[in-house]
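Atoms within a ligand are numbered from 1 in the order they appear, just like the ligands themselves. Sequential numbering from 1 along the given sequence is applied to the chain's residues. Only this structure's heavy atoms are used, side chains among them; waters, hydrogens and symmetry mates stay out.
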Amino acid sequence: MTYFTGFTCVHCAATYPPDRDLLLCPKCHNLLEADYDYARLAREVDRDALWRRPDDVWRWRELLPVLDPAKIVTLGEGGTPLLRSERLARACGVRELWLKSDAANPTGSLKDRSITVSATKAVEFGYGVLACDSTGNKASSTAAYASRAGLRSVVFCPHDTPVPKMAQAIFFGARLIRVRGHYSEINAMYRRLIGSGEVKWYDCGTDNPFRYEGKKTYAYEIAQALGWRAPDRMLHPAAGGMSLAKTWKGFKELQRLGWVDGLPKMTLVQGAGCAPMVRAWETGAPAIAPVDKQPTIASALAAADPGLLGARALEAVRASGGAAAGVTDPEIRAAMRDLAGEGLFIEPSGAVTLAALRRLVAAGHVDAAESVVCVLTGSGFKDFERIVEMVEIPGDVVTGYEAMLAAARQVA
Ligand SMILES: Cc1ncc(COP(=O)(O)O)c(C=O)c1O
Ligand SMILES: [Zn+2]
């Protein structure tokens, strides 16, 4: 039984039925927002009964835009660990700190939460090929879900995408097309290609309104794990801004259903070298101006022009009384080391939230009494060269037991 009732355009308010294959609003080319029958959901779905289902994205299927549950394409995504860290809470200067590690997703990043939904829709609509443009993680996720569904995949990435992400996509069978330029330039050309009608691929990129919905599951999982409570604040890395905007939608839905009382302050984090949304928040600008992309090790977040979703993310930050921060490469590396100190192996783009928390507490934007969730969005294996740069592999090789013992004595 579905509660998904269709889409409303956020700009012209046109509505569309749930079975339409849509990207942007056909009338005005703005974003579409999925609607649900919340009154019926509140009456018929018991939040506590959902516990008995497998702990994954599809635990929340009544709040996702699928029409045929038999077509769900899943790799068991979602249900990722929410770990409390007393040590890092003290170090950052907040009362309560939780780390939500999406490195534990099947392909190692947050993208699996949303690509499971778009792959499912591709099967529902009868497509043979999944496509996306990507800074790397979306590409490898799209490729994995295409394989799982028995479909083909084509992915477009900036020429300097981290090798492990490209290799992962290719290993899953994707046709990878490397394009010279930075992500926003490629995004503009990719959208033109999809819009041209030259290809009949299912677009799992930024314009897919079904895909967005998968990101709401952050809100549901975190609220449930905290005993149906919203944290005071969520810090989320942002590239296009979809994840942050939809996590905010997820919390508002929970409030509307009466499943949680409060809402978190949504706090957006980017690499300082490419931080158009942070700049808009800091300057109070009504709209996001594109920036000149400068180097940042947070390569997955380097969207110089975040487009329509970016505006929604900024709205969420402002509406929730949140904040935004751009963090430098040394701050990101320090956060990656701090996370390693908790046993967490996180790529630079995924670790920016912890880096930002320190900065925002020091600047007085985060109160010491807050309970905070930092979302960690990708595994260290995803940008493995950055990890290798940060360690020294011993040049010396010991031979035989006596030499091993001598080396061991030096450690002790
Ligand atoms: C590791 C990581 N974190 C966060 C994001 C942010 O995604 P969004 O475009 O939803 O802001 C991305 C997007 O590529 C990513 O790869
Ligand atoms: Zn419209």
Side-chain angles (χ1 to χ4, degrees), residues 7-16 22-33 100-103 105 107-115 132-142 155 157-158 161-162 164-165 168 183-184 186-187 204-209 211-216 218 235-249 266 268-271 274-278 288 296-303 305-314 316-317 324 332 336 346-353 374-383 386:
F7 288 102
T8 304
C9 171
V10 300
H11 182 68
C12 76
T15 58
Y16 300 94
L22 292 164
L23 295 172
L24 295 175
C25 172
K27 292 201 176 94
C28 75
H29 307 290
N30 212 302
L31 297 169
L32 294 175
E33 193 69 84
K100 176 73 172 164
S101 178
D102 260 24
N105 267 323
T107 75
S109 90
L110 80 167
K111 298 294 171 181
D112 298 344
R113 285 182 189 276
S114 56
I115 299 296
C132 75
D133 59 329
S134 169
T135 53
N137 283 330
K138 202 191 310 162
S140 40
S141 185
T142 298
V155 298
C157 293
T161 300
K165 297 181 185 182
Q168 197 185 15
Y183 175 68
S184 294
I186 294 160
N187 176 253
C204 295
T206 40
D207 291 343
N208 187 319
R211 180 169 87 84
Y212 305 156
E213 294 292 287
K215 297 287 178 76
K216 299 185 308 187
Y218 271 129
L235 283 93
H236 208 298
M242 175 194 292
S243 311
L244 185 140
K246 296 301 154 180
T247 302
W248 175 236
K249 178 179 180 184
M266 299 303 297
L268 182 152
V269 190
Q270 303 194 281
C274 190
M277 291 188 259
V278 176
I288 301 168
T296 166
I297 57 168
S299 64
L301 310 179
D305 181 2
L308 296 168
L309 272 165
R312 305 290 290 173
L314 192 61
V317 170
I332 298 171
M336 290 165 73
I346 304 297
E347 69 167 296
S349 303
V352 294
T353 46
C374 282
V375 181
L376 312 172
T377 45
S379 159
F381 288 117
K382 294 292 233 160
D383 207 349
R386 296 300 188 185

- Indicate yes or no: at least one non-hydrogen side-chain atom of R211 is less than 4.5 angstrom from one of R113. no

- Message: Tell me whether S141 contacts the main-chain N or O of N137 through its side chain, where contact means a donor paired with an acceptor under 3.5 Å.
- Response: no

- Task: Scan side-chain atoms only and decide if S140 and K382 contain a donor-acceptor pair under the 3.5 Å cut-off.
- Result: yes

- With no hydrogens and no angle check, do the side chains of T377 and D102 hold a donor and an acceptor under 3.5 Å apart? no

- Message: Students should find this: residues with any non-hydrogen atom under 4.0 Å from ligand 1. What is the answer?
- Response: L110, K111, T135, N137, K215, P237, A238, A239, G240, G241, M242, S243, A300, L301, E347, S349, T377

- Item | Interatomic spacing from CD1 in I346 to OG in S101 - rounded to 0.5 Å | 4.0 Å

- Closest heavy-atom pair, P237 versus V352, reported as atoms and distance to 0.1 Å, is CB-CG2, 3.7 Å

- Message: How large, to 10°, is the angle at the Zn ion (ligand 2) when you draw lines to SG on C9 and to SG on C12?
- Response: 110°

